[in-house]
Amino acid sequence: MGILEVKGVNKRFGGLQALGDVNLSVAENTVHAIIGPNGAGKSTLLNCLVGKLIPDTGSVMFDGQSVLGRTPYEINQMGISRVFQTPEIFGDLTVFENMVIPAFAKRDGSFRMHAFESVASEKDIVAHAEEMLTEVNMQDKIHMHAASLSRGDKRRLEMAMCLLQEPRLLLLDEPTAGMARADTNNTIDLLKEIKEKRDITIAIIEHDMHVVFSLADRITVLAQGTPLVEDSPEKIRGNPKVREAYLGEAA
Amino acid sequence: MLGLNKKDMTLLIVVAILTLLAPFILNPFPVDSGMAQFNAGYPDLMQRFVIFGILAIGFNILFGLTGYLSFGHAAFLGVGSYAAVWMFKLLSYNVVPAILFSVILAGLFSVLIGYVSLRRSGIYFSILTLAFAQMSFALAYSVLSNPKFNLTNGETGLQVYADDPQILHRDGLPDVPHLFGWAMRDNFLELKLGGWEFTFNNGYYLCAAILLVVFYLSIRLFRSPFGLMLRAVKSNQQRLNYTGLNPKPYTLAAFIISGMYAGLAGGLLASMDPLAGAERMQWTASGEIVLMTILGGAGTLIGPVLGAGFIKYFENIFSKINDNVLHQWFSFMPDGMEDFLVFIVHPFVGKGWHLTLGILFMLVVTFLPGGLVEGGQRLGRLVRSRGKKPEDPKDPEHHPKETPHVAE
Amino acid sequence: ITNNPTGGSVTLGFNVPQTGPYADEGADELRAYELAVEHLNGGGDGGMLNTFSSKVLDGTGIMGKKVEYVTGDTQTKSDAARASAKSMIEKDGAIMITGGSSSGVAIAVQGLCQEAGVIFMAGLTHSNDTTGKDRKANGFRHFFNGYMSGAALAPVLKNLYGDDRKAYHLTADYTWGWTQQESIAAATEALGWETVNNVLTPLASTDFSSYIAPVLNSGADVLVLNHYGGNMVNSLTNAVQFGLREKQVNGKNFEIVVPLFSRLMARGAGENIKGIVGSTNWHWSLQDDGSKAFVKSFGEKYGFPPSQAAHTCYVQTLLYADAVTRAGSFAPCDVAAALEGFEFDGMGNGKTLYRAEDHQCFKDVLVVKGKENPQSEFDLLEVVEVTPAAQVTYPPNHPMFGGDEASLGQCNNGA
Amino acid sequence: MNVKPDFSKNANLAATAPAYLSIYDMHAYYGESYIIQGISFNVHEGEILALLGRNGAGKTTTLRGIARMDDPQVTYGEIWLDHQHLHTMKSHQAAKCGIGLVPEDRSIIPGLTVEENLQLAQIVEPIGWSIDRLYDLFPRLGERRKQEGVTLSGGEQQMLAIARALARDIKVLLLDEPYEGLAPVIVDEIEKTLIHIKEQGITTVIVEQNAVRALELADRAVILDTGSIVFDGTAAEVLENAELRSEYLAI
Amino acid sequence: MDAILLQILNGLDKGSAYALIALGLTLIFGTLGVVNFAHGALFMLGAFCAVTLQRLLSLSYETIDETKTDFLGNPLKVKTPYVEGWFGPEVGGAIIDWAVPLSVIIAIPIMVGIGYAMERGLIKHFYKRPHADQILVTFGLAIVLQEIVKYFFGANPIQTPPPDALLGVVNIGAAFGLEIAYPIWRMVYFLFSVAIIGGVFSFLQFTTFGMVVRAGMADRETVGLLGIDIDKRFTTMFGLAAAVAGLAGVMYGPINPPNYHMGMDFLVLSFVVVVVGGMGSLPGAVLAGFMLGILESFASTTWATTTIPGINQIIIYLVAIIVLLTRPRGLMGRKGVMED
Ligand SMILES: Nc1ncnc2c1ncn2[C@@H]1O[C@H](COP(=O)(O)OP(=O)(O)OP(=O)(O)O)[C@@H](O)[C@H]1O
Ligand SMILES: Nc1ncnc2c1ncn2[C@@H]1O[C@H](COP(=O)(O)OP(=O)(O)OP(=O)(O)O)[C@@H](O)[C@H]1O
Ligand SMILES: [Mg+2]
Ligand SMILES: [Mg+2]
């Protein structure tokens, strides 16, 4: 029994069957990669996990509890964090403030009216945020407006925000797209390190096979809304169907 | 100190000094001079400056931080005023219960209106609040002043009559709003220094003290985690949601707080002048609050107060300059010249004060996108850079800002 | 006392609408005030000073002090009007406030002047409440009111349209509208007319067609428009558009009545006003000496005849100056005592009494009709009847005026 | 701040072929931040130039400057395209002269369907490929022609952005990370398309994090670092120069 | 029955005014994304085009009639309009009589010109600025325009009567044996607005203009990349919107006499109409305009006001609240248009 159990999920957009009977089980403390051609429904699947979309049918269980019918913030409070395909950050705020918010969310839950303390006096929160920024190597950008970061940095910031919450399940939608090779490697290292340090399950969508094969314990290949195969990385690499439909010469 | 950082503390102290010395600062001209027209240091206007300042500070907590543009805040102002006058009618002229009740009632109203309106965002939210406010206005102006259950006294405005119960009223207390016998309308000191006159009014200092308290609270709020969350709401609600935070209670709390600020302002208005009219709730009044905030600089701490002062100054000072006054000003000139100048200035003052206000709105927002606060900052920078060497810090020889090559 | 003039001059506060829909009316009031000040200070031809029955004013200002004035903008909002009045009192040292063109504003400012201890000489305010339930010891009204309109109109209406009529009222949904409707309905019902319906229209209405249309099928043969200003112009225009005036109902010509007329409204209504009956406080075509003198000095100064608002404001200023002089004091209580029960003549409207109990003037009321063939752009109304003061007088405790409870309170000299 | 362009590095570029697109001493700001600090390079007719560098090096800024977008403000310098001076133009004029930019965030226009997004590109002359021809190139787009553009999957949006550029008759195609978020097979497809486009005589500037892929495709390469050019030469040179690769590209 | 039909007709009529104003507003607010508080002022300026033409046509020379006197007892100056002098009283009188319809011709270029000037001179700097700034600047502009009009024309309403031929009422129910007397000019106004609405729709539907402008509003930058000079189109759009608002005003004069603040009276309502209709949706604006017009008409019936006192005061706002709560984007709003 995995920490995340997706059973018989369907999702239609008008005439398009974006997800057709998806079953997926992600085991605890593993990295599970979801790959597949563009438009296969990978992001749609993640959307169903975090409450952005509600599947037409099927069930999604996280740690034995259904996530369906819950709002995104409740799902996050259950321990699921997500990095989006196009970075979702607080553009008007500074990098530091971007980090502080998840720290509060983690400590205080979904709403607390702390209107008279000052942010600066919350020593633990500040320390936590700064520490995480150092980990992703962004301490020099701490006072920049998030909107004026370059694209790669935005992604790193978003990932740091999610990691700071120490989620039990981290969903990454193409976290290294547009990242420089060096940073991609750093990201891989970071994820590995974090996985070693704490209990964390990661589901990752990626087109960069280097990333996928360096991290993944298991891989699901999604095509046209249905899982094609699920297997270990080695097997997937050798699978001719996958090679033809998806990997091309990259394999 | 007081949990503020140095910059905020300085700001608070500056504001405190300015408000406490306002009777001097606002009356810079001797009474008999031609410029006396521009003096603003009389009790009513000073009270209005601070009361509308409080209103705008409260509005800014909602709009400046969360970006939710309420077009119905005047409703809370009106509710606050009605609540206060009802307290005068039922209990006594003491302002304490009146102010407390106006804050509470406005708070309750804002829970109701906020809960419903906040189900939508953006322009839809604005229109919802506008609709609620316009309904409140219509109800107050006519429906609720129906003689059978006269809650608002309609066009005339709610006021205290001799036959009202006033159950806590005792002999010896003044028959005007007072703070434990200290009448709001009285002046505790009237100073005459040479040609100058300065009035120190009880009501003004009560309002000023309250302003300082709520200003302090708003600084704390701006710098607090709660304030940060509100700014996050403005920036990206999606991300907030996916970070495990529900934006709703934050925005609702901001809405209620700003509604209570508006109610407080309404209660103070009634305490300074015990009559509550329905026009206070009209959309134009709500629009005025919006304009004050943007004009001063939305999202800044002091901006809304400046904006409120600016608009109220025009309303009260410029509207009173008539041709007679103009002729006095220019009387030192030769006759033809005098008439010509009066002719030129005439359309912009007195009954033309709206025109001047409109033009200034356009100028300020076009040239100072951040409102008056930005104007102040630019001025400050100008003054500061004077001291330095006139050298362009950005590599002057290599890329001057204007070049013949690049057309913008 | 508040703002007792100590120097060589005395300051009056003219608080009129300078912006908003009544700005033109306010402008006319201001002209009248300036004229009055000129006359009080001995300038011009003296206007009504020459015809006024009291002769204490001699063109040397008030009690030898030169009259100066400050102006303010009421915006036709109680809040703004009070703010403006306060600034005149607190900043400019005004000893008397006057002006306004709506009852809400008049009552609000009157209350303020009572508290502040200055005299308020109301401008144009027609609601019964101003000298009814909201009467104040420091406040005085020269203008007539809703009850007087009804009392003056009723006999004329009976003459013109008979005593078997069915009236349909459209009423502006606020205090002034209600009191006027109540007064007119009572006066016409006393004649034998039937009030078929009274529909309240929102103040903010700009188009009245949906209120006019039901009139057609209601069986009514008279439409009474209890509207003022822009509301009246629009509702009358709409009523004429819908062909009400050409209709025959119950075998009679359908008629429209507008109880309160002003020349500015008449001008706004244009052609539509022709033949429509209403009442007014004063009209420039009156031929008594006072009116003629006033029209002459106003007309020569500004090039057109004064409106009723201008007239009432002018007269109020002179009356105040006269009362101060007679009392020999600027103290509001002394001035009030001099005005109370004061009888005078030569200011238009014939013999006039400032009644002591409620500070309302009692004088002749004009019933007018839109003129069919105007000779000039000002010649819009013709006087049908001058109703004598006696016919419009009512007891001070009349139920429409607050009954027995209404009281002036104590006069306030201020501090 | 005071960085002068080092012309010695690109002294050798001149004579070989006539410069087609030529950037001379360009300086650009975002508000107060000085990003592009005087860069000069040439692109020859019909070639593919790879513009490389780390995150935040200024690649996107350079492309936006060439396309004459409102932001960044190019405060100094000249940009010539085929004897026309772009630096005096606004973006729509530059586009009429033949500049086609595929922005890094794809900029699919909300509220418009796929087809409308393409039609929009053909409102103003000169018009390039027909819409049908574009659908032939990207059949997925043809299938989704009535779908709102922004609901496309990430990869589909990338295809739409490229298709939209080709819908205009362009002389120079500026591609900002065209492979980002694309499945490996599609990357292969697009690479073929780029070669095809090159054969049509269209000049291409490609910005790409996947430096190796870009270099294999490109004729020449320019490497940017913090707003200055650190290398200008043939693609092969970069692939050979290990120092360069590790220092600036981390490969 | 007659009464109900009459109320519907009345609603249609009020609805046409709402719809026309909201249509123009949608072009600016819903399409360009500019919160234009000066839109009401454009409506007002349109009405004053008619007033101005009427005044111009009535420009007169004075002759002195010794037999009559004016109010001061001086000989009366009689005014005769020049046009009557030139063309004779008959033709001249007819020209003056048709001043309002004639003003449509001059109003179009004037309003387009005003729209152009406004956009080029002011609004274009505000596309990228927050809505709040747009509100402030356009509100300032509205005040300035109003005050200028007030300076020249006063605050009082000014009659702009329809031509005599279009005065009076027709019984449009006669064919069905019903008695529905309806003013001719209101019929004209309704038909006129239908024509304008149709014209605008076909202009935007059958050309790609609308699509380009919508795209430009959503993402100016990208549209520029596609070679489109969006600024020019925005200006054109603004000119068009100003013309629509102005024409609505020209023809409205005979229904209710224009005054300088008539625009503000309509402004708030037209924002409500646009939002209820759905931002950026032209059909939505028109539909909401007519719907609210008719509902308001029904709410003013005696039956309605006795059932719920004061319903006529609040109906529009009440409906707006209900619609917005049940249909998040208004009646016909599209996703993604001005949602933040
Ligand atoms: N809101 C929507 N309305 C209509 N169709 C949609 C919507 N969202 C997604 N789709 C379609 O559903 C399909 C799956 O999209 P999804 O974003 O899940 O793909 P993906 O696997 O993440 O692809 P990529 O790797 O390119 O990001 C796509 O064809 C997309 O066009
Ligand atoms: N709008 C902006 N305002 C201020 N600074 C900006 C803005 N956009 C980008 N920058 C800064 O300009 C620098 C260059 O950014 P640019 O986007 O050109 O980098 P890039 O080379 O394209 O990087 P990436 O590979 O991450 O996309 C970065 O330091 C970035 O932080
Ligand atoms: Mg995806
Ligand atoms: Mg980039």
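First the proteins, then the strands, lettered A, B, ... as listed; each starts at 1.
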_Quick check: under 4.5 Å, non-hydrogen atoms only, which of residues 132-144 of chain D neighbour chain E?_
none
*Please test D:Q119 against E:T208 for side-chain contact (heavy atoms from CB on, under 4.5 Å), starting from the C-alpha separation and ending with a verdict.*
CA-CA 9 Å; D:Q119 281 168 354; E:T208 50; 5.8 Å; no
_Can you list the residues of residues 168-177 of chain D that sit under 4.5 Å from chain E, counting heavy atoms only?_
D:R168
*Please look at E:K128 and chain D and tell me whether the side chain, the backbone, both or neither of the residue comes under 4.5 angstrom of a heavy atom of that chain.*
side chain
*Between D:K96 and E:D229, is there a salt bridge with N-O shorter than 4.0 Å?*
no
*asked:* Looking only at heavy atoms and a cut-off of under 4.5 Å, which of D:L101, D:I99, D:L120, D:V124 has the most pairs with chain E?
replied: D:L120
_Side chain to side chain, E:L226 and D:I123, heavy atoms closer than 4.5 Å_ = no
_Check: D:I109 and E:R214 side chains under 4.5 Å, non-hydrogen atoms_ = no
*With rounding to the nearest 0.5 Å, note down the distance linking OG in D:S91 to CZ in E:R220.*
9.0 Å
*With chain D, which of E:V223, E:D219, E:T222, E:I230 has the greatest number of heavy-atom pairs at distances under 4.5 Å?*
E:T222
*What pairs with D:Y30 under ring-ring contact (aromatic ring centres under 6.0 Å, His included), at least two apart in sequence or on another chain?*
none
*For the residue pair E:L225 and D:M69, what are the closest heavy atoms and their distance?*
CD2-SD, 3.5 Å
*Can you name the residues that form a ring-ring contact (aromatic ring centres under 6.0 Å, His included) with E:H125, not counting sequence neighbours?*
none
*Let me see the working for D:K90 and E:D231 under salt bridge (Lys or Arg N to Asp or Glu O under 4.0 Å), right down to the final yes or no.*
CA-CA 11 Å; D:K90 297 215 163 248; E:D231 287 353; 5.6 Å; no
